[in-house]
**Q** 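One structure coming up, written as C-alpha cells, with questions to follow.
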Amino acid sequence: MKAVSSQQSTVNSHKTEYRLRLLLVFVLISMLSALCPLLFADDASAELTISANHDHITIDFFYHGSTVSVSGTSDAGTDLIIKITAPDSHEALKQKGKAAGFLWMNLGTLKFENAPNLYSIHSTRKIEDILSREEMDKFVIGYPALNKHIEIIPVSNDEERTKWFSEFIRYKEESKLYASSSGQINTTNQTDKQTYYIKTDWPYQAPPGEYLVTVYAVKDHKVVEKAETKVIVEQGGIVKMLSGMAANNGAVYGIISIVIALGAGFGVGMVFRKGGGAH
Amino acid sequence: MYLYLPVALTSINILIPVGLGLVVGLLSGLFGVGGGFLMTPLLIMFGIPSTVAAATDSNQIVAASTSGTYAHWKVGNVDFKMGFHLLIGGFVGGLLGVQGIKILRAMGNADFVIKMAYVLMLGIVGTYMFIESLRSMRKKKVEEVKQRKESGIAGFLKLLPLQTHYEKSGVTHSALVPIVFGGFVGVLAAVMGVGGGFLMVPVMVYILRMPMHVVVGTSLFQILFNCIEVTFLQAYTNHNVDFILAVLLLLGSTVGAQVGAVFGRKLKGEQLKVILAVIVLVVTVKIIFELTLTPSLLLSQAGGH
C-alpha cells in the first residue's frame, strides 16, 4: 500500500516567522498523512494527493479576497469531493420573527454550536449520487450532514430546526462563507490515474485563521481515501499592527482615534477658512 | 479601490465610506445633528459588523462635529454656557441610559423597544417640526397664537430656581432646564445608540426658544464632547473602533460638514427646519417598513445597539 502524500507549495515569504510556521504546518501535515493509511487500511491500492497553490494568504491593506486552486492526482474512475472548512466554532445570531401578526423584530438570539465559520464543498458529481448518507454524516460532507453536525439552541422541534438551519445556510451563503458546487472539478485521465483541478474564490469575509482543505476519493458510495492540506490566512503590515493595537492597547488606540478625528476636523476647518468661506 | 479594515475584518470599496461620510457630514454641518441615526444603519447595510459600525460612527462624529463646531464658533454661533449645562445632563443621562439598556436586554426584546422608541420619537419630532415650520413660513398670525399657547410652559420654566441668562442665545432659563433636558436626551441617546442631536435640536428650538443658528453650533459642541467620551470607552472596553474605516469616513464627513455649515448660513432658519423635519420623517418611514416588511434574511449579526 502506498502512502497518502501531501504537499505544500513553496511560499515566497521573506519573514522567518512565516517560514517557521510553514515548517510546523508541514510537519503537522506529514504526521496526518502518515496516519491516513491506518484509517483507510481496508481500501488498499490507491494514491491520492492534494496541494493548494495559494496556501498562505496574507491580508494586507488592499486585500479583497483571493483565489485558491486545489489540485492533485487520484485513482482513475474515482469521484472526488473537495471540502474547505474552518475549525468548528460557535456563533450567536439574532433571530427575526413576526410579533403581533405584523411587526418584524428580533425575537431572540440563536446559538449555532459546532458550526464552522467557513464551509465550502465541491464535488465531481452531485454528492447524493456518489456517497451514502452514512458516509456523508461520518465525514460531515454536504449541507444535510452539516445539519446533523451543527447544534442550534434553542429550538423546540424539528420543523423549527430545519427552518433555522436553512436560514443559517442562506445567511452564510450571502456572506460568501458557505458555498457548494458539483461538476466544477476538472479531471484529466491518464492511464490508471487522473489529475484533478479546481479554482475557488477565497472570500475576504473569511477572518484570519487556519483552514483545512480535504479531498475525498469516493467509490461505490464510500470514501476510499482522503488527503488534506491547509490554507493559512494571516494579517500583515499595517492591518496586523492596527488590529493588534485595537485588541491589546485599547486606551492608546482610542486616544489616537480621537486625536486623528480632532486633527482632521480642525485641518479641514482651517482649509475652508483660508478659502474665505466664513464671514 | 478596496481597502481592508483591520477591526471590522472586512474589505470595502473606498468610495462607500467616503461617500457616506460626505452625505452625513453635510447633514451634520447643516443641522448640527451628528448623523449617527443615519450612519450606523448605513454602515451595517454595507457589511460592517453592527458593533464596529456603532463604535466607529462615534469616532467619525468627533471629526464631523469638530470642523462643524469650529466653523460655527468662528461665526459666533456656539452658546458655550448652554452647551456645558446640556453636557452635564447629557453625561448623567447617558450613564442612566446605558444601565437602562442593560436591564432591557436582560428582560429580552431590547431591540424592539429601541426601534419603537425610534419610530415614536422621530415620528413625533419630525411631524411637529414639519407642521410648525410650514405654518410659520406661511402665516405670521399663527406664530402669535402659538406664542400665547406656549406661555404656559414658559411660565412654568420661569418659576424654577437658578434662573440664568444665556447671552449668546438671548434667553433666560433656570440652569436646571438644559440639565434636565440634556439628561432626558442623554438617556434616549444611549438607548437608541446615537449622538442625540436630532432630538436635542428640536428641544433647543421649541422648548428653550433658542435662535436656530445658535442651536446648530451649540448642539455640535455638545455632540463633539459626548462622542469623544464614547469613542474612548468603546475603544478601551469593546475594542471595536475601526481606525481605517473612521479615517475614510472622516475624509468625507469633514468636507461635508464644512460645505453644510456654509450652506446653512445661506438658508433661512425655517427652511433648515423643514428640511430636517423631512429627513427625520423619511428615516421614521424607513424604520416602519423595516418593522413591517418581511426581511430577506431572518438571521443577522448579534451586537450593535
Side-chain angles (χ1 to χ4, degrees), chain A residues 59-65 92-99 102-110 163-164 167-168 170-171 174-175 204-205 207-208 235 238-243 245-247 250-251 253-258 260-262 264-273 277-279, chain B residues 1-7 9-11 47 59-71 74-75 108-109 111-112 115 228 231-244 246-247 250-251 254-255 257-258 261-262 265 290-302:
Chain A
I59 296 178
D60 59 19
F61 203 36
F62 301 104
Y63 179 69
H64 188 60
L93 294 172
K94 277 184 183 167
Q95 162 198 18
K96 288 198 183 93
K98 242 181 195 178
F102 70 103
L103 290 173
W104 283 92
M105 54 189 263
N106 290 319
L107 291 178
T109 305
L110 278 182
K163 177 194 168 188
W164 288 112
E167 284 299 329
F168 180 71
R170 288 208 311 132
Y171 170 77
E174 193 98 332
S175 331
Y204 64 79
Q205 290 91 340
Q235 293 178 335
I238 306 173
V239 172
K240 191 178 182 179
M241 187 196 78
L242 288 180
S243 75
M245 183 160 67
Y253 184 88
I255 290 166
I256 293 175
S257 304
I258 294 165
I260 288 199
L262 289 172
F266 272 117
V268 176
M270 299 296 269
V271 170
F272 271 72
R273 194 171 60 104
H279 55 83
Chain B
M1 191 176 78
Y2 288 93
L3 283 186
Y4 190 81
L5 308 172
V7 175
L9 298 180
T10 190
S11 176
N59 193 197
Q60 83 85 19
I61 294 172
V62 171
S65 45
T66 303
S67 59
T69 307
Y70 182 73
K74 288 307 283 182
V75 291
N109 273 336
D111 295 283
F112 183 67
K115 279 207 172 148
I228 284 177
T231 302
F232 182 78
L233 289 178
Q234 291 275 27
Y236 183 65
T237 56
N238 298 325
H239 313 288
N240 53 9
V241 175
D242 197 297
F243 202 87
I244 300 295
V247 170
L250 323 171
L251 282 179
T254 44
V255 176
Q258 286 296 324
V262 171
R265 284 197 293 272
E290 241 173 55
L291 283 169
T292 51
L293 298 181
T294 309
S296 65
L297 287 173
L298 295 183
L299 288 170
S300 62
Q301 297 166 43

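Letters go in sequence order (proteins before strands), and every chain restarts at 1. Hydrogens, waters and symmetry mates play no part in the numbers below; they use all other heavy atoms, side chains included.
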**Q** Using heavy-atom distances under 4.5 Å, tell me whether A/I258 contacts chain B through its side chain, its backbone, both, or neither.
**A**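 For A/I258, backbone and side chain are both near chain B.
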**Q** For A/Y253 and B/V241, indicate whether the former's side chain and the latter's backbone hold a donor-acceptor pair under 3.5 Å.
**A**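 Present.
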**Q** Distance from B/L5 atom CG to A/F61 atom CZ, nearest 0.5 Å?
**A**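 That separation rounds to 8.5 Å.
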**Q** If the condition is ring-ring contact (aromatic ring centres under 6.0 Å, His included), which residues does A/Y171 pass it with, not counting sequence neighbours?
**A**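 With sequence neighbours excluded, A/Y171 shows a ring-ring contact (aromatic ring centres under 6.0 Å, His included) to no residue whatsoever.
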**Q** Is the A/F266 ring parallel, tilted or perpendicular to the B/Y70 ring (thresholds 30°, 60°)?
**A**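 The rings of A/F266 and B/Y70 stand perpendicular, inter-plane angle above 60°.
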**Q** So for B/T294, is it side chain, backbone, both, or neither that comes closer than 4.5 Å to the heavy atoms of chain A?
**A**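 Backbone plus side chain of B/T294, per the 4.5 Å heavy-atom cut-off to chain A.
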**Q** Among B/T66, B/L9, B/L299, which has the most heavy-atom pairs under 4.5 Å with chain A?
**A**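 Heavy-atom pair counts peak at B/L299.
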**Q** Against chain B, label A/K163 side chain, backbone, both or neither, depending on which of its atoms sit under 4.5 Å from a heavy atom there.
**A**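 Answer is side chain: those atoms of A/K163 sit under 4.5 Å from chain B.
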**Q** Name the region of B/L293, side chain, backbone, both or neither, that has any atom closer than 4.5 Å to a heavy atom of chain A.
**A**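 Only the backbone of B/L293 comes within 4.5 Å of chain A.
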**Q** Any chance you could measure B/Y2, atom OH, to B/T10, atom OG1, to the nearest 0.5 Å?
**A**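 Between B/Y2 OH and B/T10 OG1, I get 10.5 Å after rounding to 0.5 Å.
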**Q** Given a strict heavy-atom distance threshold of 4.5 Å, which part of B/L250 is in contact with chain A: side chain, backbone, both, or neither?
**A**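 Just the side chain, heavy atoms under 4.5 Å.
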**Q** Is A/I256 close to chain B through its backbone or its side chain, or both, or neither, when contacts mean heavy atoms under 4.5 Å?
**A**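 It is both, since atoms from each part get that close.
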**Q** List the residues meeting side chain to side chain contact (heavy atoms under 4.5 Å, CB included) with A/A251, not counting sequence neighbours, and say none if there are none.
**A**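 A/A251: side chain to side chain contact (heavy atoms under 4.5 Å, CB included) contacts with B/F232, B/Y236.
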